[in-house]
Each structure stands twice: as C-alpha cells, then as structure tokens.
Chemist: 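One structure is given below, represented as structure tokens, and several questions about it will come after.
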Protein chains: 2
Amino acid sequence: MSITLAELKQKLSQNHSKLTPQRQMILQAFLNHPEEHLSAEDVHQIVKPLASDIGVATVYRTLELLSELKLLNKMDFGDGRSRYEIQKNDESHCHHHLICLSCGKVKEFEDDLLESLETAIAKKSNFTIVDHQLKFYGYCQECRKQ
Amino acid sequence: MSITLAELKQKLSQNHSKLTPQRQMILQAFLNHPEEHLSAEDVHQIVKPLASDIGVATVYRTLELLSELKLLNKMDFGDGRSRYEIQKNDESHCHHHLICLSCGKVKEFEDDLLESLETAIAKKSNFTIVDHQLKFYGYCQECRKQ
DNA sequence: CTTAGTGCAAAACCTTTGCAACTCT
DNA sequence: AGAGTTGCAAAGGTTTTGCACTAAG
C-alpha cells in the first residue's frame, strides 16, 4: 500500500511543486523504515550515503512539504526535536503512541474507540475537530523487568 | 484551591530545595493566569516587572523544578517552545486540549471517558501507563465564522 | 525559458550550562 | 557555615533563512 511515484508526482504538482530526486529519496527513507519515527537528522543520515551533498536545509524543507501534503505526520515526543512518520492511506482507524519513560521507545497502538469520544467532545465544545493526537506515557514490558 | 505558601515550602524542602522569592513569584504568575499555557518567555515577561534582574535561566530552572514537583505540567502545542500550566490538586478527572489551527487558541476540555480506554490499552499492550496527553486540532467557533 | 528547488553558511530560536557571587535554612 | 540558588554570558542543539546556482516542467 505504499505511495507510488506517480501519486507522489501528482500530489506535488497539485501544489506547484516539482519532483526532485531529493524528495523521492526522503520519502523512500520512510518507506524503508516503517513503524519508525524519524527526526530530520535521522533522515539526513539515511539519505546522505545516497547523495553525499544533500543539505540539512533540504531535508527540513522536504519534511515540511510532505507534511503539508499529508504524506507525513509531524509529531513531538518531547525529546527536543520533531519526528515524522509516514501517513498510511488506509488509515480508517487511527493509532496512538505509547512512550516509555525509561528507554524512550515509542510503540504504536491501533484503536478506533476515540472516534466516539471525538464527536462527543466536538459537539459539547463547539469546536470543529479535524485531527487528534493521543499519547500515553509509561513503562514498557522490558523496562519493567529491571 | 490554590496551593499555599506553606505547601510550596514543604514540597520544596522534601526535595532539598529552598523557598526563594523567585520561585514564589513564578508560581504566583501561574496562579494569576489560570487557564493559560505560559511559555518560559511569557513567565519571564510577567515576572520581570516585579524583579527586574531575574534571569531567564532561573525561569527555566524553576519551571523544570516545579514540574518535577508536580506543581506544573509541561506540555507542547507544537509552536516550538514548551508551555506550562498549573496542576490543580483536585484533578480527579483529567482535561484535554482543543487547539485552534487558525488562531492558535487553546481551550481546555474536562473529561473522564479516557480512563476506561487507558486501562483497556494498558492491558492489551502490556504497558504500565502513568500518564497521557490528548490533543484535538480543529477550528474554534470564532474562527469558523470568518 | 520560467519557476521552483538546492546547498551552503549564517542566523535565529529556545534551552542548558559553567561559574562566581549570593542567600536561604 | 554550608548547601543550594541566582544572574550573567557563553555554549548547545534544532530549525530557518538569504542567496547564488542548478534543475525540473
């Protein structure tokens, strides 16, 4: 279910943006690292061996762009840098994040129970909700053993 | 239900920390600005007129300390700086944040429906959950009118 | 050929840290 | 007195920006 090159190109041109090798490579980095939450620096490290002179600025600009195009999700786990994950298009139900306070690992959790809560809250608060983010902090199984 | 000076002093001394005028003033800033989510710079601006030579470093160190003592909650609304809110001690049920994507305003929302979701997720995922954070992004009533 | 994108280095931010002077307890 | 705190300035880390050059449509 990965996004195809044609789809990427189309999304970009809708935005008056061009398909460059750098952008392709950066998106590919996420496809090659599923379930990970890459920072700009992570992405830069992954991509540098393939294009040694790619600049950090390009990475930042591309991450911003792909987030605007909803191909990536920008998120924050409180470690002082933004992290990104690929936006799966079959996202009929959403996923949340379980963050281990000891080792920092981030685990994904699938769920659709939040939907009803969201509509209830939207109604009560007079807010038009378009997105949400739910994070749980705690201790993972491995860390608890120690 | 505000925290008293004696309570603050006690909490501090439990932590081998001292009660200084700076710390008092910073906590007071939050008591004077309920329902707001102040950044370090906000706090510095509030406090500077009262103690012109208070340094930013002290503000940062105090915010960190008060968060450790659970008197403040540190949070992130994606605007590139940490924000803090006072931790009410009658927090039997939790509150979430509705963030307007247009004007940036943050509205609080009381709720306890998440409790059951949390225990369900903890069980399924084998994670010991100690805290959570739920944010909704959307458009507030005022911005929708425009 | 026109418009957009890139790399580089500098700058802009927010936050942390080292240190000498100071102040609570 | 002694441990902890402060202010300052410098340093750290992440992200943004200006600009000349290059490449995509």
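Quick note on labels: first sequence line is chain A, next is B, and so on, each numbered from 1.
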Chemist: Indicate whether OP1 or OP2 belonging to C:dT25 is found under 4.0 Å from a side-chain N or O atom of B:S13.
Modeler: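 Answer no for this pair, as no side-chain N or O of B:S13 is under 4.0 Å from OP1 or OP2.
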
Chemist: For A:S17, answer base if it contacts any base atom (sugar-phosphate contacts may also be present), sugar-phosphate if it contacts only those atoms, and nothing otherwise; contact means non-hydrogen atoms under 4.0 Å.
Modeler: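 Answer is sugar-phosphate: A:S17 comes under 4.0 Å of backbone atoms only.
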
Chemist: From C-beta outward on B:D53, which listed nucleotide comes closest to its side chain: D:dG7, D:dA24, C:dT15?
Modeler: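 Nucleotide nearest to B:D53's side chain: D:dG7.
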
Chemist: Take B:K18 and B:A40, find for each the nucleotide of DNA chain C with the closest heavy atom, and name the residue whose nucleotide sits nearer the 5' end.
Modeler: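 Between the two, 5'-proximity favours B:A40.
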
Chemist: Would you say B:Q22 places a side-chain N or O within less than 4.0 Å of OP1 or OP2 belonging to D:dG7?
Modeler: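 For B:Q22, the contact criterion (side-chain N or O under 4.0 Å from OP1 or OP2 of D:dG7) is met.
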
Chemist: If you pin A:K74 and B:V59 to their nearest nucleotides in DNA chain D, which one's is more 5'?
Modeler: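 Nearer the 5' end of the strand: B:V59.
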
Chemist: Heavy atoms from C-beta onward define the side chain here; which of C:dC8, D:dT5, C:dC14 lies closest to that of A:A57?
Modeler: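 Looking only at heavy atoms from C-beta outward on A:A57, the closest nucleotide is C:dC8.
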
Chemist: Under 4.0 Å between a side-chain N or O of A:R23 and OP1 or OP2 of C:dG5?
Modeler: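 For C:dG5, OP1/OP2 do have a side-chain N/O of A:R23 under 4.0 Å.
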
Chemist: Give the rounded distance in Å between these two atoms: CG of B:L8 and P of D:dT5.
Modeler: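 So the CG-P distance, B:L8 to D:dT5, works out to 12 Å.
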
Chemist: For ring pair (Phe, Tyr, Trp, His ring centres under 6.0 Å), just list the numbers for B:F77 and B:H97, CA-CA rounded to whole Å, side-chain angles, deciding distance to a tenth of an Å, and then say yes or no.
Modeler: CA-CA 9 Å; B:F77 295 130; B:H97 294 102; 5.1 Å; yes

Chemist: D:dT15 P sits how many Å from B:D76 CG, rounded?
Modeler: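 One finds 11 Å between P of D:dT15 and CG of B:D76, rounded.
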
Chemist: Taking only side-chain nitrogens and oxygens of B:R61, does any of them come within less than 4.0 Å of OP1 or OP2 of C:dT15?
Modeler: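 No.
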
Chemist: Describe the nucleic acid contact of A:S82 in one word from base, sugar-phosphate, nothing, applying a heavy-atom distance below 4.0 Å.
Modeler: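 The residue A:S82 makes sugar-phosphate contact but no base contact.
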
Chemist: Without decimals, in angstroms, what is the distance between B:L5 CG and C:dC24 P?
Modeler: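 The distance from CG of B:L5 to P of C:dC24 comes to 13 Å, rounded to the nearest Å.
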
Chemist: Are the side chain of A:K11 and the backbone N or O of A:L69 linked by a donor-acceptor pair below 3.5 Å?
Modeler: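 Yes; at least one donor-acceptor contact below 3.5 Å.
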
Chemist: Rounding to a whole Å, what distance do you find between B:F77:CZ and C:dC14:C1'?
Modeler: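 Rounding to the nearest Å, CZ of B:F77 and C1' of C:dC14 are 17 Å apart.
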
Chemist: Using whole Å, what does the distance between atom P of nucleotide D:dG7 and atom CD1 of B:I26 come to?
Modeler: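 Computing the B:I26:CD1 to D:dG7:P distance gives 8 Å.
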
Chemist: Taking atom P of C:dC24 as reference, at what distance in whole Å does atom CE of B:M25 sit?
Modeler: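 Distance check: B:M25 CE to C:dC24 P gives 12 Å.
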
Chemist: Both B:T20 and A:G80 contact DNA chain D. Which one's nearest nucleotide lies toward the 5' end?
Modeler: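 Its nearest nucleotide being more 5', the pick is B:T20.
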
Chemist: Count the heavy atoms belonging to other residues, nucleotides or ligands that lie under 6.0 Å from NZ of A:K9, then report whether that count exceeds 12.
Modeler: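 Not buried by this count: 12 neighbours or fewer within 6.0 Å.
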
Chemist: Can you list everything that forms a side chain to side chain donor-acceptor pair (under 3.5 Å) with B:E36? Sequence neighbours excluded, please.
Modeler: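 B:E36: side chain to side chain donor-acceptor pair (under 3.5 Å) contacts with B:H33.
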
Chemist: A:H44 NE2 to D:dG13 C1': how many Å, rounded?
Modeler: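 Atom-to-atom, A:H44 to D:dG13, this comes out as 16 Å.
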
Chemist: Hey, mind stepping through A:Y137 and B:H132 against ring pair (Phe, Tyr, Trp, His ring centres under 6.0 Å) and telling me if it holds?
Modeler: CA-CA 6 Å; A:Y137 297 92; B:H132 59 236; 9.3 Å; no

Chemist: Figure out the CD/C1' separation between B:E64 and D:dG4, and round it to whole Å.
Modeler: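 The answer, rounded to whole Å, is 17 Å.
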
Chemist: Using a cut-off of strictly less than 4.0 Å, decide whether B:Y60 has a side-chain nitrogen or oxygen near OP1 or OP2 of C:dT16.
Modeler: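 Checking B:Y60 against C:dT16: no side-chain N or O falls below 4.0 Å of OP1 or OP2.
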
Chemist: For C:dG7 and A:T58 - does any side-chain N or O of the residue sit under 4.0 Å from the phosphate oxygens OP1/OP2?
Modeler: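 So the side-chain polar atoms of A:T58 do come within 4.0 Å of the phosphate oxygens OP1 or OP2 of C:dG7, strictly under.
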
Chemist: Please determine if A:K48 and A:D53 form a salt bridge, counting it only when a charged side-chain N lies under 4.0 Å from a carboxylate O.
Modeler: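 No.
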
